[in-house]
A.B. asks: 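If you scroll down you'll find the structure; I have some questions about it.
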Amino acid sequence: MVTRRRLLAAGATGGAAALIPAGWAASGRALAAAAPLDARDIPKYVTPLRIPPAMPTVATDPERDTYEIAVRQFRQQILPPSWPRTTVWGYGSTTDPDSFGYPAPTIVARMGRPVRVTWLNQLVDDRGDYLPHLLPVDPTLHWANPAGGIEHRDRHGQWDGSPQGYRGPVPQVVHLHGAHSAQESDGHSEAWYLPVARNLPPDFAVSGSAYREFRSRFAERSGLRWAPGSATFEYANDQRPCTLWYHDHALGLTRENVYAGPAGFYLLDGDDLPDGVLPGPTPTRDDPPNASYHDIPLMIQDRSFTADGELRYPKRYSGGGDGPPTWVPGFSGSTMVVNGRTWPTLTVRRRRYRFRLLNACNSRFLLLSVVANATARPARPVLPVWQIGSDGGLLPEPVPHERVALGPAQRVDAIVDFTDVPAGTELYLVNEGPDGMYGGGRPGVDFPPADPHTTGQVLRFVVTDATGDDPSVPPEQLRLPSQPRLGTAQRVRRLSLNERMSGGSMVMLLGVLDERGRGLPLRWSDPVTEQPTLGDTEEWEVRNFTRHVHPVHLHQVQFELLGRGHSGQVRPDPGERGRMDTVLAYPWEVTRIRARFDLPGRFAWHCHLLEHEDNEMMRPLTVLPRGGAAAGDGGSTGGPAAPPTASTDAG
Ligand SMILES: [Cu+2]
């Protein structure tokens, strides 16, 4: 994917190094806090990779699978054994207290069979009092802002003088990333809710401004009314089999909520290939103990720790140190964590494995390869990573990569074939993405690769003898099912990615184009401009006027990438020729996608660098009923006309 990267981006990022300013992480006065843990002191490859089990259901009946999943706070061994445990948040089934984990158990779903989940916010302590955030929260962003009450929720908040910023109950709402979800089940950023707690301040808003509307819609559709501190969503699973993931999406707080741990895989299975063609199995609900798995999800994240083992996130204070903790434009952790453990090791047989690679970092880009020498740079790949799928399902054909590029939130469905590797061999999954913002280009040429001794390493494979046959088809012989392409677009929408100085920080904003083709940045609260008509196919031309790569994510749809480059006419790489929900938009390029919008209502599109999306790099996406005039062609005719709908509270 990254091999031909990226004449243009390389030119534009001659200064990639300059894009990693000293102040990218913490700057200003940090509060006295536990000292950071030096990542070089943490021993690598001393713990086995944890494979998340399947999430327990509360009911399975002919109509659907039903789950009751809460987010709770607990301690987990993320650092090696004998090192301190870490306080995290994670999801689990209310039927089984042992199921809670970071990452969460995997929801195993089947195409055509709906899944209904009641999501509960249980961030409370043993007495039933709310738990404050694990990290300092900037109360001044445009965010959920429960302390603002009904009037001022989902707006910029006020600072009450606490050095930790907002210390109140924490809003949560779950988004199933990549799913074809109805609006009331999408996990809209303004549909958050607080936990039910004994000590909720009476003047706080207990839910976001979209919560009541979506609660009414869900009750109308299903006859089921959401209880306080929860929301029930239904996933139709009426899309192609693929690798989805679920995570928090609360307005202006997603970066810190996700960083604290709540995330899990959602594997949508189906009949697109006969059983046994691809390596398997993956964990299911009725597995015997000690089952072996050859289809393994890998949630890759960067995290930093304090010396006492707690999660560390950059702290910066406004007002020369006298103000509240403030938003930082990006995060680069000092360790790599896979499935909730730092630098784990996976013992593999001499056979083929399927890995569902997920970049679940806040803002780190990964360039992954399989090597024998963990620290040599440039990395010298010894086994190809065969990509068979992307975000939205299988590719037209398998694509061998020496190096796989994976932006935040993207998935690569891959096969690695260890059949011909001698038993006893140790191999490594390494990362040559940058320790800092990514502007495209090649590691070692356009930017320094991640530290080869820490964030440049991800996972170790120890190869052992094969046991039994491997019935899976070698990737070079695999025939993948063909998929219909989307039809011609009814409309072309011209959009922009922009940067603006705001309050001493460079803030990234989505937007449209003005009549002269320049970027016209818009904020979350500006009138809706992206309003496709129900059933229409649209082409979006996204012009990136910034020096950074932004992973652009649309809710509701799995889109096709049509082209890139200055003109938007450069053909996508082979690994990008399937359906996607998150696409990398390179600096100064036009990224052209095509999507069909067939669910009405309020959704969102945003940058999936969590720090960006939390500070305005998110815009409403409203699909209008058929018969209404489509509005907002991208601003080419003088700007938006539709009234704002993003903060109404109907129902
Ligand atoms: Cu961004």
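When a ligand or atom number is given, it counts from 1 through the structure's own listing order. Throughout, residue positions are numbered sequentially from 1 according to the sequence presented. Computed over heavy atoms, backbone and side chain alike; hydrogens, waters and symmetry mates excluded.
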A.B. asks: Which angle, to the nearest 10 degrees, do you find at the Cu ion (ligand 1) between SG in Cys607 and ND1 in His612?
C.D. replies: 130°
A.B. asks: With respect to His553, which candidate in His247, His612, His608, His249 satisfies the ring pair (Phe, Tyr, Trp, His ring centres under 6.0 Å) definition?
C.D. replies: His608
A.B. asks: Under 2.8 Å from the Cu ion (ligand 1), is there any N, O or S atom belonging to His548?
C.D. replies: no
A.B. asks: Applying salt bridge (charged side-chain N to carboxylate O under 4.0 Å, His left out), name anything that partners Arg240, two or more places apart in sequence or on another chain.
C.D. replies: none
A.B. asks: Return each pair, listed once, that meets salt bridge (charged side-chain N to carboxylate O under 4.0 Å, His left out) where at least one residue sits in residues 497-510; pairs must be two or more places apart or across chains.
C.D. replies: Glu499-Arg547
A.B. asks: What N, O or S atom of His550 is found closest to the Cu ion (ligand 1)?
C.D. replies: ND1
A.B. asks: For His188 and Phe214, I'd like to know if the aromatic rings sit close, meaning centre-to-centre distance below 6.0 Å.
C.D. replies: yes
